[in-house]
Amino acid sequence: MAKVQKIKGFADLFPVEAEKYARLEDAARRVFTRYGFGELRTPVLEKTELFQKSIGEDTDVVGKEMFTFPDRKGRSLTMRPEATAGVVRAYVESGTYQPGLVSKYFTFGPMFRYERPQKGRQRQFHQINAEVFGASEPAADAELILMLRAFLAEVGLTGLTFELNSLGCAACRPAYKQALTDFFNSLDQEKLCQDCRRRKDTNPLRVLDCKVPDCKDMVAGAPSIADHLCPDCREHFAQVRSMLDAAKVTYVLNPRLVRGLDYYIRTTFEVTAENIGAQASVAGGGRYDGLVKSVGGPDVPGTGFACGMERLAMLLEDAPNPGLDFFVAVIDERAVGLGMDLAEKLRAQGLTGEASFASSSMKSRLRAANRLNARTCLILGESEYESGSVTVKDMSEDGEQRTVKIDDYIAQIRK
RNA sequence: GUGGGUGUAGCUCAGUUGGUAGAGCACCUGGUUGUGGCCCAGGUGGCCGGGAGUUCAAGUCUCCUCACUCACCCCA
């Protein structure tokens, strides 16, 4: 029989890896709660139109990376490729919006994108998200970045780079995009790479991010967003920066920092790591004031960020193996019931342990205890069985051992 | 979607100009009749990813295919 194998880009997380995800989620829950955020869990499956309306039809994510399929009645459903759209949908649908009310949510879970897998990129990947609705002030952006910084510190990550930019708004970005397109059109087209010749018309901001050396040279002379912000955006960005400076956040201004999803405006930021491969971005976010309205809700401003858990997990050390408090080594077959009962009573006292019921040799049972990093080995063999006792062996290097009545041993543990 | 790399024992990997399969670790057994780690000896374990072809002979050469992986693209 051929082995059934997992589908491409989907991973099994065994304990050592799964623990890192739990560590990230625990830290996020702890930190975000301190900032007044509440947990929101939304479905993994949504109507396809939700993502078309929010992320943008022209993006790669919607255009060619979604897991989209019809349900049994022919309705088009999509495995969520990101979290924000679903959170916005839930927010709007619940009707929690009221003028002047700020809502703050965090969420985590699996996202799905049909991409070619590589280091730090899976088809099913996991994100930690935070979203703020109803706050248009620069302070909301700044506080979100502070919270992200606090979260990363909580999980013990250092050496990360914060990058910051403003993408402008509906009032000033179109003019900037046009200026960019004009600029690139004025250049010798031969010197632009194939991708950029296409991108300069479809998404000129992306050209700024091109890694081809020739393109980079061209981009150096391109107009900067900083010079094209409208007065409102300029003021908003200046305030965000001054608040970050006041909070001693170290960041790099990157006028070429762009976002892949259409809904971002004004403040955008990204956190990158070194040594985790080409997919170096571990978190990213920004402001998305028009998004709520675009999925049929009220005109409420929003900001948020997403952290890539796979990429953060790569930066975490393996947790030390906690080992076992005890290991019950049953050598005499007749003592199997006794061993199970003994283990149950110890667990009821909060101890961690396993019992082995394989009727095997003393040597192999002790090796098993050693392998499992057990601190105490409880031996139940022929003589113990006949006398109703247990041999308690300390597994440390020069550990002692003694044989005591089972009842006495349990009574002693209780104390 | 486009490139590159890799598939041999449970794991990490050797395998010469084609000649019928190896090591280390792990596991099991024994040395030590009921005592682990260290040491020594022995043992279990492989359709060499799959298929076709060339050849007296293919892990090795050719083609196809599948899987994994890294990068582009894109993104967290």
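Order of the sequence lines fixes the chain letters, A, B, ..., with proteins taken first and strands second; residue numbering starts at 1 for each chain. Bear in mind the structure is a predicted one, so any value in this text is a computation, not a measurement.
Of the listed nucleotides (B:U35, B:G36, B:A71), B:A71 has the atom at the smallest distance from the side chain of A:A278. Set against B:C73, B:U29, B:G36, the side chain of A:L366 has B:G36 as its closest nucleotide. Comparing B:A71, B:G37, B:C72 by their closest approach to the side chain of A:Q279 singles out B:C72.
If you check every strand for non-hydrogen atoms under 4.0 Å, A:A369 touches nothing. Contact annotation for A:F125: base contact, defined as any heavy-atom pair under 4.0 Å involving a base atom. A:T59 comes within contact range of no nucleotide atom at all, as no heavy-atom separation falls under 4.0 Å. Here A:K393 lies in heavy-atom contact (under 4.0 Å) with a base. Among the heavy atoms of the strands, none lies under 4.0 Å from A:I128. Within 4.0 Å of A:E65, counting heavy atoms only, lie sugar-phosphate atoms of the nucleic acid but no base atom. Residue-level contact check: A:T272 touches neither bases nor backbone, having no heavy atom under 4.0 Å from any strand. Contact annotation for A:R311: base contact, defined as any heavy-atom pair under 4.0 Å involving a base atom. Within the nucleic acid shown, A:M111 has no heavy atom closer than 4.0 Å to any nucleic acid atom.
Between A:R41 and A:E39 a salt bridge is recorded (basic side-chain N to carboxylate O distance below 4.0 Å). Between A:R266 and A:D141 there is no salt bridge, since no side-chain N of the basic residue sits under 4.0 Å from a carboxylate O of the acidic one.
Residue A:R334 contributes atom CZ, which lies 14 Å from atom P of B:G34 at whole-angstrom precision. Remark: P of B:A71 and CD1 of A:I276 are 10 Å apart, rounded to the nearest angstrom. Atom pair A:K363:NZ and B:C40:P shows a separation of 13 Å (rounding to whole Å applied). In this structure, A:F10 atom CZ and B:C68 atom C1' are separated by 16 Å, rounded to whole Å. Atom NZ in A:K6 sits about 12 Å away from atom C1' in B:U69, given to the nearest Å. Taking atom CD of A:Q118 as the reference point, atom C1' of B:C73 lies 9 Å away to the nearest angstrom. Going from atom CG of A:L152 over to atom C1' of B:A76 covers 12 Å, rounded to whole Å. Rounded to an integer number of Å, the gap from NZ of A:K8 to P of B:U65 is 14 Å.
Shown here are the side chain to side chain contact (heavy atoms under 4.5 Å, CB included) partners of A:E46, two or more places apart in sequence or in another chain: A:P43, A:L50, A:F51, A:R89.
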Let me check I have this right: for RNA chain B, each base becomes ., (, ), [, ] or |, based on Watson-Crick or G-U pairs with both distances under 3.5 Å. What is the full string? (((((((..((((.....[..)))).(((((.......))))).....(((((..]....))))))))))))....

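An OP1 or OP2 oxygen of B:A76 is reached within less than 4.0 angstrom by no side-chain nitrogen or oxygen of A:Q127. The shortest distance between the side-chain N/O atoms of A:R365 and the OP1/OP2 oxygens of B:G34 is not below 4.0 Å. Listed pair A:Q5 / B:A67 fails the phosphate criterion, with no side-chain N or O lying under 4.0 Å from OP1 or OP2. Neither OP1 nor OP2 of B:C70 sits under 4.0 Å from any side-chain N or O of A:R121.
A side chain to side chain donor-acceptor pair (under 3.5 Å) with A:E131 holds for exactly one of A:Y91, A:Y288, A:Y105; it is A:Y288.
A:Y251 and A:D245 are linked by a side-chain donor-acceptor pair at a separation below 3.5 angstrom, with hydrogens and angles left out of the test.
The same atom, C1', is picked in B:C74 and in B:C66; the two are 26 Å apart, to the nearest Å. Across B:G4 and B:A21, the matching C1' atoms stand 30 Å from one another, rounded to whole Å. The P atoms of B:U12 and B:G53 are separated by 33 Å, rounded to the nearest whole Å. Nucleotides B:A52 and B:U60 have their P atoms positioned 14 Å apart, rounded to a whole Å. Nucleotides B:C11 and B:A26 have their P atoms positioned 15 Å apart, rounded to a whole Å. One C1' atom belongs to B:A9, the other to B:C72, and the distance between them is 36 Å to the nearest Å. Taking atom C1' in both B:G49 and B:U35, the straight-line distance is 44 Å, to the nearest Å. Nucleotides B:U2 and B:U20 are separated by 40 Å at their C1' atoms, to the nearest Å.
Under the 6.0 Å distance and 45° angle rule, A:R29 does not count as a cation-pi partner of A:F106.
For the pair A:T352 (side chain) and A:L324 (backbone), a donor-acceptor distance under 3.5 Å is absent. A:T78 contributes no side-chain N or O that, together with a main-chain N or O of A:R80, makes up a donor-acceptor pair within less than 3.5 Å. Not one N or O on the side chain of A:R34 forms a donor-acceptor pair closer than 3.5 Å with the backbone of A:M147.
For the pair A:G277 and A:G9, nearest-nucleotide mapping onto RNA chain B gives the more 5' position to A:G9. A residue-by-residue look at A:D394 and A:G284 shows that A:D394 has its nearest nucleotide of RNA chain B further toward the 5' end.
Between the side chain of A:Q401 and the base of B:U35 there is at least one donor-acceptor pair of N/O atoms closer than 3.5 Å. At a cut-off of 3.5 angstrom, the base of B:C70 holds no donor-acceptor pair with the side chain of A:R116. Evaluation of atom-type donor-acceptor distances gives a pair under 3.5 Å for the side chain of A:S383 against the base of B:G34.
Between A:L148 and A:L144 the shortest side-chain heavy-atom distance does not fall below 4.5 Å.
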